Amino acid sequence: MAQYSNPFLAVINHESVCRPPVWMMRQAGRVLPRYRNLTKTHPFRTIMADAKLAAEVTLMPIDDMGMDAAILFSDILVIPEALGVKVEWTSEGPAFPQPLLTAEHPAAQLSFNPDHLTHVANTLDEIANQKTGDTPVIGFCGGPLTCLCYMLAGRDKSMQFTEVVRYLYTHREEALQLLEAITSASEHYVQLQAAHGIAAFQIFESFGGVISAELYAEMVLPFVRRITAAARQHGLPVIFFPKGFGTGIQMLSLQDCDYVSIDWQTPLVTARQLVDPALGLQGNMEPRLLFAPQAVIAQHLERYWQFFKENPNWIFNLGHGLHKDTPLENVRFVTEWFKQKQK
Ligand code: CP3
């Protein structure tokens, strides 16, 4: 007997589904008119820190876009901030007035203050009050390397993080200490989110591709495993999004995660051949395809449908975050297209 009527909960609990679950990275902000109105009067940090507002924004994509899962409205940079790195959320994106590369002993600058994360627990409680039915909430953190990149160098418009990669090779022990600090804060963070009702946990390793897969496997993956183990202690499945890994996705195993979220550069069928069959997949529609005419989008959805028929352990998503001026009607077209298939 099917236990879960929500397809996201069904798939992550290994039940068969008649259509794939659908959610999209960065679905909570960016595109939604209700969210964009709110940002005219409230800056991002205010929304994130206010449990009522953050809960409302978290749930908007369920009602306004027809998504099957909500993702907590917060940011990956709350962990660097809780470790003592100054972060400013400006209208241009995050800014770092004192990136750690300017310090002589970066690791000595850090001290973890869990009080900085209390607002996330309050938001999750408020979501539980506001939500109806069995809508699952996905919790998340940044991947250890992505957090390290921002902490050491701040934002890098080139996205190469050359200074950070150089640092990994020249200051290996110091870099490992920083990764250790990020990881133990993230272990605490996953435990906190689990205690406040999330159904799954995603690790956003958005800058996974700035180093070689070999260096990642050797230096960073052991830390990812620790975050995953912490999530599993609380019964949570883990989705890992290693953006830019390329063929490096073949090194992942059940020790690392339960699902691999595939970026838009890697064909999904190729990803399925490369990734350990014990792991489910998520992804990977090119976010800019959502600007195309709906007839073109439908052709791609048909291709994804064929994929689903052969690979049911799959969650529909994008291969990176939604773009801010994506037409809302095209997002809805996708969620409705899959719901039609169910009938
Ligand atoms: O896009 C990714 O690669 C996903 C991982 C990631 C998040 N935040 C997750 C997130 C990254 C790399 C960030 C850093 C960050 N923080 C950025 C982009 C990168 C950069 O260097 O410019 C930005 C713009 C922020 C600040 C921020 N975070 C804003 C303004 C918002 C609100 C809506 C939006 O996206 O414009 C967020 C929300 C956010 N960041 C969520 C997640 C999972 C919440 C859920 C959601 O929006 O769906």
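FYI, side chains are in, hydrogens and waters are out, and symmetry mates aren't considered; it's all heavy atoms of this structure. Each ligand, and each atom within it, is numbered from 1 in the order the structure gives. Note that the structure is predicted; figures quoted are calculated from it, not measured.
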Tyr35, portion touching ligand 1 at heavy-atom distance under 4.0 Å:
side chain
Nearest candidate to atom 44 (C) of ligand 1, where distance is taken over non-hydrogen atoms, out of Pro43, Ser74, Pro287, Pro61:
Ser74
From Leu77, Thr39, Ile76 - option closest to atom 9 (C) of ligand 1 by heavy atom
Ile76
Within the structure, does Gln27 bring an N/O atom to less than 3.5 angstrom of an N/O atom in ligand 1?
yes
If we only count N/O pairs under 3.5 Å, is Ala28 in contact with ligand 1?
yes
Quick one: are the ring centres of Phe316 and Phe338 less than 6.0 Å apart?
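Yes - the distance between ring centres of Phe316 and Phe338 falls below the 6.0 Å cut-off.
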Can you check whether Phe207 and Tyr150 have ring centres sitting under 6.0 Å from each other?
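Yes, they do, as the ring centres are separated by less than 6.0 Å.
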May I ask you to decide if the ring planes of Phe307 and Trp314 are parallel, tilted or perpendicular, using 30° and 60° as cut-offs?
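It falls in the perpendicular class, over 60°.
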[atom1]/[X] to [atom2]/[Y] distance, rounded to the nearest 0.5 angstrom?
X: Asn313; Y: His14; atom1: CG; atom2: NE2; value: 7.0 Å
X: Cys141; Y: Leu77; atom1: SG; atom2: CG; value: 11.5 Å
X: Tyr35; Y: Lys40; atom1: OH; atom2: NZ; value: 13.0 Å

With heavy atoms of Trp89 as the reference, note each atom of ligand 1 found under 4.0 Å away.
26 (C)
So among His320, Glu205, Gln282, which one has a side-chain hydrogen bond (donor to acceptor under 3.5 Å, both in side chains) with Ser261?
Gln282
Does [X] reach ligand 1, in the sense of a heavy atom lying below 4.0 Å from it?
X: Thr146; value: no
X: Glu92; value: no
X: Tyr150; value: yes
X: Gly29; value: yes
X: Phe207; value: no

Determine, for Trp305 and Arg19, whether the Lys NZ or Arg CZ falls below 6.0 Å from the six-membered ring centre while staying within 45 degrees of the axis.
no
